[in-house]
Amino acid sequence: MRDTLSPEQIASYERDGFLSPIPVFPRDEVQRLRDYFEAFEQRFGGIEKAVGRRTDLHLLTDWGFDVVTDSRIVGPVTSILGPDVLLWSMNWFIKEPDNTKFVSFHQDANYWGLEPHDVATAWVALSDAGVSTGPMEFIPGSHRGELYEQHNTFENDNLLSRGQTIEADLPIKDCVMTPLAAGEMSLHHVRAVHRSGPNRSADRRIGMVLRFCATHVRQTKGADTATLVAGEDRFGHFELMQRPNAEFGEHEMAIHAEAVMRQGKMIMRDEPKTDTIERQQE
Ligand SMILES: O=C(O)CCC(=O)C(=O)O
C-alpha cells in the first residue's frame with residue numbers, strides 16, 4: 001500500500017473520473033473500524049436511530065478523526081487535489097443485507113455548492129462490497145462532460161435525499177461496476193455520473209464516504225465547515241474544525257450537531273424538505 005498514486009493511476013483518474021480499487025486497510029484494521037462504527041450505532045440506539053448522528057463522526061470520535069486524516073486515504077487524494085486538502089464531510093452509504101435500497105444516476109456537483117470542482121470522494125469499504133452488494137457504478141469520462149439536470153423523484157428505496165435522478169439519455173452500456181473488498185477504496189470526481197444497485201448479499205454493505213476538496217474551493221451556498229487534513233489552508237474559505245478533545249463529550253456533541261445541521265440546511269437551501277439530517281447530507 002503506497003501513500004500516493006502512481007502516474008498511471010492519476011492518468012486513469014483524470015481520464016475516467018474514478019479510480020478503483022485502491023488497497024487501504026488490511027483485514028484486521030478494517031474489521032476494527034467496522035467494530036468501532038457498529039459500537040457507535042449501538043451506543044445511539046441501533047442502526048435506525050443512529051442514522052441521524054453518523055455524519056461527521058470525526059468530530060465525535062478519535063477513530064473517526066484518525067481515519068479521515070490517515071495518509072493511506074489522504075495521500076492518494078493529494079495526488080489528485082494537490083498538497084492542501086480539506087475534508088468537507090464524512091458520510092455513510094449503508095445497504096442492509098438482502099435489501100432493495102439503491103442509488104440512482106446522479107452527479108454530486110449538482111447540489112453541494114462547492115466551486116470550482118476540485119472535489120473528490122473516497123468511498124471506503126468497511127465490509128465486502130462485491131458484485132452482489134450493489135457496488136458503485138460509474139460512467140467513464142462523464143466528469144468531463146456536462147452537468148446534467150436532475151429530477152427529484154423522492155422514491156422510497158432511493159438512498160439519496162430527494163431521489164435525485166438524471167433523466168437524460170446516458171451511455172449506460174459503458175457503465176463500469178467497481179466492486180471492492182473490505183479495506184479497499186475507490187476515488188471519484190464530483191462531476192462523475194454514478195449509481196448503485198440493491199444489496200442481494202447476506203451482509204451489510206458499509207461505505208464510509210469521505211468528501212475532500214482543495215483548500216481554494218469555496219462553498220457558494222453559505223458559511224460552511226471543513227477539517228484540514230493535508231498541507232495548509234491559505235484561503236480560509238471554511239471554518240476549520242478540530243480533533244475532538246473528548247469522545248462524545250458535551251462540547252463535542254454540541255459542535256458536531258451545529259456543524260451537521262448547518263451544512264445540511266445549507267445544502268438543502270431552496271430544496272423541498274426531507275425527513276432527517278443524514279438524508280440531507282447525501
Ligand atoms: O454508496 C453508494 O451506493 C452511493 C454513494 C454515492 O453516491 C457517493 O458517494 O457519491
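Heavy atoms only: backbone and side chains are in, while hydrogens, waters and symmetry mates are out. Remember, it's 1-based here, ligands and their atoms both numbered in the order they're listed.
Counting side-chain heavy-atom gaps under 4.5 Å among Ile, Leu, Val, Met, Phe, Trp and Tyr, L147 is found in no cluster with other residues.
When heavy-atom distances to ligand 1 are checked against 4.0 Å, the residues falling inside are F93, K95, V103, H106, D108, W123, M136, H188, H194, S196, R205, V209, R211, ordered by chain and number.
The 12-atom threshold is exceeded at CD of E232, counting heavy atoms of other residues, nucleotides or ligands nearer than 6.0 Å. Annotation: E167, atom CD; neighbour count of heavy atoms from other residues, nucleotides and ligands within 6.0 Å is above 12. By the neighbour-count criterion of 12 heavy atoms within 6.0 Å, atom CZ of R218 is sparsely surrounded, having that number or fewer from other residues, nucleotides or ligands.
The aromatic ring centroids of H188 and H194 lie less than 6.0 Å from each other.
A salt bridge between R43 and E247 is absent, with no side-chain N of the basic residue lying under 4.0 Å from a carboxylate O of the acidic one.
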